[in-house]
Each structure stands twice: as structure tokens, then as C-alpha cells.
Amino acid sequence: MISFERFTLSNGLKVIVHEDASTPLACINVLYDVGARDEHPDQTGFAHLFEHLMFGGSINIPNYDTPLQEVGGENNAFTNNDITNYYLSLPAENLETGFWLESDRMLCLAFSEKSLEVQRNVVIEEFKQRYLNQPYGDEWLLLRPLAYKVHPYQWATIGKEISHISDAKMEDVRSFFNRFYTPSNAILVVAGNVNTTHVMQLAEKWFAPIPSASKPLRNLPIEPQQNEARFLSVQRDVPSDAIHKAFHMVSRNSPRYYAQDLLSDMLGRGTSSQLYTSLVKGSELFTEINAFVTGSYDAGLFVVSGKLKDGVSCEQADEAIRQELAKVVNAGIPETELAKVKNKAESTHVFGEMGVLNKAMNLAFAELMGDAGLVNTEIERIRAVTAEDVHNEARILFREENCSTLYYRKNS
């Protein structure tokens, strides 16, 4: 049970406080409700670019890292298709330093041609190294536009192509910042050895003076139901063939999400999962295989992916996966298997909330989903899933007309 207090500043900034006297640390997590899905199709990669730009200094603080490190703090950030999340931890007695740093870059990020050029080059180099010049690096650059034809999940967080970043103009960058990096579009969570009254005072001092702005309205296109199987086959310089099968699934806040998530655990989480037992240990068609869900805010993907043993064709591997999925569709899952994956899911959830920073992140994301209190009901929702629920989801998901398949073959 994570206890918390919640209040909203006059400029729209939501603030959540979790007191935990068992740690000497304090954590500040600022979640901005902006991700790759909010980008223009001709200007992708901006949310990720801003993750870098936000560390480039603000008008009053030219170097973000130095003052934080001087008080014993550390920080990082991440961007995905739905959110951009910044977080820091520091000794609790130095909490105000964190407020000073985070508020100043929300209020007046330093926009300079030099900073933009530096970070633009950093992102371009990351694009090349992680996605273009690394074995299997472009798998999701291929799979996303295969599975999504309308929704902006069709591009990865890094962006569609390097030119979108290299061609980014200062006015485009400023416009993106002014639209999304505002108090009303952010959730501030403070957790650790803190006092709620003190946090309220610091929030009023450092964040309340930031001018308010209307929260951006989303009008994203809804991905239509997929009614025919899609295939893409590519050849790359990789050590072995790989296959990915992506099925359209529900959104993260759907009541059906947990049944689909548990189904992915049963099929592909760990060496005792059904797919691993049958296709790696048993028939020895794969060297590795797993199943997972993207957990996206909007309707996501249920993905089965694996690397093939030498001599096994993608077609043969594909048929083997279909047969395994058909077993679940036709026969359902044993109660014992469901109980096992439920226990794993519960333990993962409990261990994930042992650290104060994880609790801060979980509270922020739950608030984005509608209510920070959702963090305290997740185990109940996991426990409530029945074998029949999982069987029903398997029947809905595992239809070939709902599937996009990528054959990723090594050069012959």
C-alpha cells in the first residue's frame, strides 16, 4: 500500500507526495504527458530530442548536472511513445535543489542554436548506432509501420528517419516545448524522507509562479481493426534469422489488459513458459523466444518474437508458433499455469515498489492513467483474472488477420 497526498497548483500542475521515513533520500519525478504519438508525421523524434535538450541547461542554470551532483544527487530520463519522464534522487535535506532545477527548466529552458546543434548530433548518432548499425536494430522501425497504418504508434520514439531531426528548426523546437512542457501537462511526484507540508511550500515557491497554459487537446486517429494478415520479409547482416508476430491488443487502461498481459507471461516469460518449453527445449527450432505486451496508453501490441536455429526457415518457425498459439485458443490454459504467472506478476509488482524512486514513477504513471490510487489496486486486478478470461483473450487476439509478421532473415 503506497500512501500519498495529492494537490493541484493554480497553474494546473498536479503534485503527489509520498512520505517514506525509512530512507535518507528524496526523489522528484516529473512526468510530461507527451511522447512520440504527439509528433507531426513529418517531424518525428522531437519528444526524444527534448529529453536531451532538457539537460542542456536553462536560462538561469547553464549546466543542470553540476549543481545536482554537488549536493549528492543523480538524475536521468526516458521517453517512449506515450510519455517523457525526468527523475532525480538526492539526500532529503537537499530537496530544494531539485525543485530549483526542475522548475527552472520548465519555466525557461535555454534555447540556443549551439545546444540544439549539439543535441541534434547526439540523437543522430544514437539513431545510427542503436537502430541502423546494430544487428536487429531496425526491427521496430519495420514492425511498427507494418502493424499501424493510421495511429502515430507507427513510428518509434527515435523517429521515422534521421532527416526529421537533422532538419529540425529552432522555431519548430520552441513550438513543441511551448505546447507540451507546461505545468498543466505535467505531474510532479515527490517521494522519500519528505514532509507533505514542506513539499507544498516548495511547490508553491518554485512551480506556482510558472505561467499556466491550456493542456494540449489530443485528437489522435484511431487505428482501424486489422482484417487481413500482413507480412514483411527483409534481409540483413545478422548472425541468425528472427521472426516477430505482432497482434493488436487493448490499451493499458482497458479492463481486459491484465488478462492479455498474463497470457503473454504464460506464453513467453522465462524458461518455463510454454513457447520456450516447446520450441526451444522441445523441438529445438529456436535459440530464444518470448512474448510480451507493449503496455501502450492507446491500443497496443501483443508480440511474439524469437531467433531461429541455423537450418530452420522463417516459414517453419512461423508455423510452429501458430500451432502453439492454436493450442491455447482451442484448449485454454490450466488453472495451475495461471496461478504460477499470477504469483510471478504479483512478486514483480511488490519488488518493483520497494525502491522509493520506483514508487514515485508508479504514482506518476497511475495518475496519468486517471488516478494515482490505481497503484494500490493493481494486485487485486491481477488476482481477479480467471482462466476463462485468458482463454477468451487468446481467441480474440490470435487470429492471423489480426497479425503483422516480420521475417528478419540473415544475408545468404
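As the structure is a computational prediction, the values presented were derived from the model and not from experiment.
- Crowding of R381 atom CZ: a count of heavy atoms from other residues, nucleotides or ligands under 6.0 Å exceeding 12.
- A side-chain donor-acceptor contact under 3.5 Å links E367 to the backbone of A372.
- Between K340 and M266 the shortest side-chain heavy-atom distance does not fall below 4.5 Å.
- In this structure, the side chains of V189 and V17 stay at 4.5 Å or more apart for every pair of heavy atoms.
- Salt-bridge annotation for K307 and D241: absent, with no side-chain N of the basic residue lying under 4.0 Å from a carboxylate O of the acidic one.
- Q69 places none of its side-chain heavy atoms less than 4.5 Å from the side chain of E74.
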Before giving the answer on ring pair (Phe, Tyr, Trp, His ring centres under 6.0 Å), spell out for F398 and F302 the whole-Å C-alpha distance, their side-chain angles and the decisive distance to 0.1 Å. CA-CA 9 Å; F398 302 142; F302 185 113; 5.2 Å; yes
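- Salt bridge E113/R174: absent, no basic N to carboxylate O contact under 4.0 Å.
- T8 places no side-chain N or O within 3.5 Å of a backbone atom of K14 that could act as its donor or acceptor partner.
- Taking the six-membered ring for Trp and thresholds of 30 and 60 degrees, H248 and Y148 have ring planes more than 60 degrees apart, a perpendicular arrangement.
- Side chain of D104 to backbone of S58: no donor-acceptor contact under 3.5 angstrom is found.
- No more than 12 heavy-atom neighbours from other residues, nucleotides or ligands sit within 6.0 angstrom of NZ on K128.
- Surrounding CD of E388 are at most 12 heavy atoms belonging to other residues, nucleotides or ligands under 6.0 Å away.
- Contact of the L88 side chain with the Y64 side chain is registered, since non-hydrogen atoms from C-beta on lie closer than 4.5 Å.
- Distance alone, capped at 3.5 Å, places no donor-acceptor pair between the S254 side chain and the V250 backbone.
- Across all their heavy atoms, V328 and L267 have their closest contact at CG2-CD2, 3.9 Å.
- Salt bridge annotation for D298-R218: absent, with no cationic side-chain nitrogen under 4.0 angstrom from a carboxylate oxygen.
- Note on E171 versus K169: no salt bridge recorded, every NZ/NE/NH1/NH2 to OD/OE distance being 4.0 Å or above.
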Please lay out, stage by stage, how Y276 and E288 fare under the test side-chain hydrogen bond (donor to acceptor under 3.5 Å, both in side chains). CA-CA 7 Å; Y276 194 95; E288 62 179 78; over 6 Å; no
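- Taking the six-membered ring for Trp and the full ring otherwise, F111 and F177 have centroids separated by under 6.0 Å.
- R144 places a side-chain N or O within 3.5 Å of a backbone atom of Y153 that can act as its donor or acceptor partner.
- Ring to ring, Y408 and Y136 are close: their centroids are under 6.0 angstrom apart.
- Note: L374 CG to M369 CE = 7.5 Å, rounded to the nearest 0.5 Å.
- Remark: R105 is not positioned above the aromatic ring of Y181, lacking an NZ or CZ atom under 6.0 angstrom from the ring centre and at most 45 degrees off the axis.
- Between the S103 side chain and the W100 main chain, a donor and an acceptor come within less than 3.5 Å of each other.
- In K160, the NZ atom is crowded: over 12 heavy atoms of neighbouring residues, nucleotides or ligands sit closer than 6.0 Å.
- Other residues, nucleotides and ligands contribute over 12 non-hydrogen atoms within 6.0 Å of the CD atom of Q226.
- Taking the six-membered ring for Trp and thresholds of 30 and 60 degrees, F46 and F176 have ring planes more than 60 degrees apart, a perpendicular arrangement.
- Taking 4.5 Å as the limit, every side-chain heavy atom of V34 sits out of range of all side-chain heavy atoms of I83.
- A salt bridge between R256 and E393 is present, with a side-chain N of the basic residue lying under 4.0 Å from a carboxylate O of the acidic one.
- A salt bridge links D371 with R6: the closest approach of a Lys/Arg side-chain nitrogen to an acidic carboxylate oxygen falls below 4.0 angstrom.
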Given the rule in the side-chain contact (heavy atoms from CB on, under 4.5 Å) test, do C27 and L357 qualify, once you have shown the distances and angles that lead to the verdict? CA-CA 6 Å; C27 298; L357 179 56; 3.9 Å; yes
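- Both tests do not hold together for R399 against F247: distance to the six-membered ring centre under 6.0 Å, angle to the ring axis within 45°.
- Shortest non-hydrogen contact noted between H48 and T157 is CB-O, 3.5 Å.
- Between F78 and Y87, the ring-plane angle classifies as tilted under the 30° and 60° cut-offs.
- Between the R395 side chain and the V329 main chain, no donor and acceptor come within less than 3.5 Å of each other.
- At a threshold of 4.0 Å, the pair D265-K344 does not count as salt-bridged, since none of the basic side-chain nitrogens sits closer than that to a carboxylate oxygen.
- A heavy-atom distance below 4.5 Å is found between the side chains of H164 and E161.
- The residues R236 and D138 are annotated as salt-bridged, a charged nitrogen and a carboxylate oxygen being separated by less than 4.0 angstrom.
- Between the side chain of E5 and the backbone N or O of I16 there is no donor-acceptor pair closer than 3.5 Å.
- A side-chain donor-acceptor contact under 3.5 Å links S283 to the backbone of S278.
- In summary, K245 and E400 engage in a salt bridge, as defined by a charged side-chain N under 4.0 Å from a carboxylate O.
- Between F180 and F50, the distance separating the two ring centers is not shorter than 6.0 angstrom.
- Formation of a donor-acceptor pair under 3.5 Å by the N193 side chain with backbone atoms of D20 is not found in this model.
- Ionic pairing of K410 and D237 is not present here: no N-O contact between side-chain nitrogen and carboxylate oxygen is shorter than 4.0 angstrom.
- Under the 4.0 Å criterion applied to side-chain N and carboxylate O atoms, K327 and E324 are assigned as salt-bridge partners.
- No hydrogens or angles considered: nothing links the side chains of S175 and N178 as a donor-acceptor pair under 3.5 Å.
- Proximity of L101 to P67: side-chain heavy atoms (C-beta onward) are separated by under 4.5 Å at one or more points.
- Residues L142 and V234 form a side-chain contact, since some pair of their non-hydrogen atoms from C-beta on lies under 4.5 Å apart.
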Taking it one step at a time, do I321 and I243 satisfy side-chain contact (heavy atoms from CB on, under 4.5 Å)? CA-CA 10 Å; I321 292 174; I243 184 173; 4.0 Å; yes
Assess the residue pair Q225 and N227 against the criterion (side-chain hydrogen bond (donor to acceptor under 3.5 Å, both in side chains)); give the C-alpha distance rounded to whole Å, side-chain angles, the decisive distance to 0.1 Å, and a yes or no. CA-CA 6 Å; Q225 180 175 314; N227 293 316; 3.1 Å; yes
